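Below: the structure, in structure tokens.
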Protein chains: 2
Amino acid sequence: MRGMSAELHQIAAKRVGGDRQRYTTMRRQLVDILSDADHPITIPDILRVDPALAQSSVYRNLTVLEQAGVITRVVTNDEWVRFELAEDIGRHHHHHLICECCGTVRDVVVPEALEAALDQSLDRLASTNGFELRQHRLDLVGICADCRDGRSSALVDGG
Amino acid sequence: MRGMSAELHQIAAKRVGGDRQRYTTMRRQLVDILSDADHPITIPDILRVDPALAQSSVYRNLTVLEQAGVITRVVTNDEWVRFELAEDIGRHHHHHLICECCGTVRDVVVPEALEAALDQSLDRLASTNGFELRQHRLDLVGICADCRDGRSSALVDGG
DNA sequence: ATTTATGCAAATCGTTTGCAAACCT
DNA sequence: AGGTTTGCAAACGATTTGCATAAAT
């Protein structure tokens, strides 16, 4: 997926710029890393990809990118926050397979019919509760194939 | 909801005991607090209910209760973990309304038809991916009525 | 008696922040 | 030049842990 980056960075730059901030080398690199990862990754994962990165700057820049709407924060049950490209930049709308064992998060796309049913039901549910719905979050929590087969590469972030 | 506690504690005690641990006064009290709360609450919330509780013991006992299957850990985007009674003990299967503004989490029940569609689709999706599905997690993220009206009692945990 | 639970204070660890140097326009 | 961004080291804060005392079986 390293080809279509041009457009990606163009959009990212525009959004960051719109936030009155600069699309620096490091921010671009972070977007590249998230783009290559193709699934939500942790800060340690990112530092493993490029150990030269200053941890504090990674934190700061991920926050900047998040506020600019370029990336999204993904929360799971394990101890690290994860990040992925925003849905309207990276892949299509998707959900997550979260492994209780190794913590890995994979993307999945659910059938369109289900997504439609969800949208309809949740919209109604939200308005019934006076709730302004911004997004829905649907995760499948369980044990991934690798862990079940005992070959959980656990902490490693292959990709 | 303070009436049906007898049975509740009976089940809780059995599960904790099955874990070769004791259903102490404090653990019982935590179950009571979660039962009264009727929505997922944070550790600070719990300490506010009874400031005499030792924070470290609350952490430890919530872990014990979680491992015994009495309570469930709820993760949101804010900085505190939340806890609620396990679904097969407390309320029925439900999902969450998470407010991006004040962090409050409320329970909602989605239409049975949607739940059925979810179950079916997700089961299939899981097996397609060699994933052993344990639970699904569906959250509505947005702005709650209180925050929209500007009367967000934010950090307070009214009830 | 023996095992388990509690409270306190100290330690951990992911994350945030202060500040001086490096960068971009 | 003037405002941003970066890296380093120190600070933060939610959570965990060590250890001596108290409670439960």
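Here is the naming used below: chain letters follow the sequence lines, and residue numbers restart at 1 for every chain. Keep in mind the model is a prediction, meaning the values are calculated, not measured.
- Side-chain nitrogen and oxygen atoms of B:Arg27 include at least one within less than 4.0 Å of the OP1 or OP2 phosphate oxygen of C:dA5.
- Residues A:His136 and B:His95 keep their aromatic ring centres 6.0 Å or farther apart.
- The closest side-chain donor-acceptor pair between A:Arg106 and B:Asn129 falls under 3.5 angstrom.
- Atom P of nucleotide D:dT6 and atom CD of A:Gln21 are separated by 10 Å, given to the nearest angstrom.
- Ion pair B:Arg134/B:Glu132 flagged as a salt bridge, since at least one NZ, NE, NH1 or NH2 atom sits closer than 4.0 Å to an Asp/Glu carboxylate oxygen.
- Within 3.5 Å, no donor on the side chain of A:Arg60 pairs with an acceptor on the base of C:dT16, nor the reverse.
- Regarding contacts with the backbone of C:dT6, a side-chain N or O of B:Asn61 is found under 4.0 angstrom from either OP1 or OP2.
- For A:Met26 and D:dT4, the CE to P distance is 19 Å, given to the nearest whole Å.
- Between A:His94 and A:His92, the ring centre distance reaches or exceeds 6.0 Å.
- Picking from D:dT5, C:dT15, D:dT6 the nucleotide with the shortest atom distance to the side chain of A:Tyr59 gives C:dT15.
- Side-chain to base pairing of B:Ser56 with C:dC8: one donor and one acceptor N or O lie within less than 3.5 Å of each other.
- In this entry the distance linking CG of A:Asp50 with P of D:dT6 reads 13 Å, nearest Å.
- Where A:Gln55 and A:Thr24 meet DNA chain C, the nucleotide closest to each residue was compared, and A:Gln55 sits on the side nearer the 5' end.
- When heavy atoms are screened at a 4.0 angstrom cut-off, B:Ser57 is found touching base atoms of the nucleic acid.
- The 5' end of DNA chain D is approached more closely, in terms of each residue's nearest nucleotide, by B:Thr63 than by the other of B:Thr63 and B:Thr25.
- Taking atom CG of residue A:Leu47 and atom C1' of nucleotide C:dG14, one finds them 12 Å apart after rounding to whole Å.
- At whole-Å resolution of the value, CD in B:Glu79 and C1' in D:dG13 are 9 Å apart.
- Checked for salt-bridge contact, B:Asp119 and B:Arg124 miss the test: no charged N lies under 4.0 Å from a carboxylate O.
- No engagement by B:Val64 is indicated, since no non-hydrogen atom pair under 4.0 Å with the nucleic acid exists.
- Atom CG of A:Asp45 is separated from atom C1' of C:dG14 by 14 Å (rounded to the nearest Å).
- If you take CZ of B:Arg48 and C1' of D:dA14, they are 14 Å apart, rounded to a whole angstrom.
- Distance CH2 (A:Trp80) to C1' (C:dT15): 13 Å, rounded to an integer number of Å.
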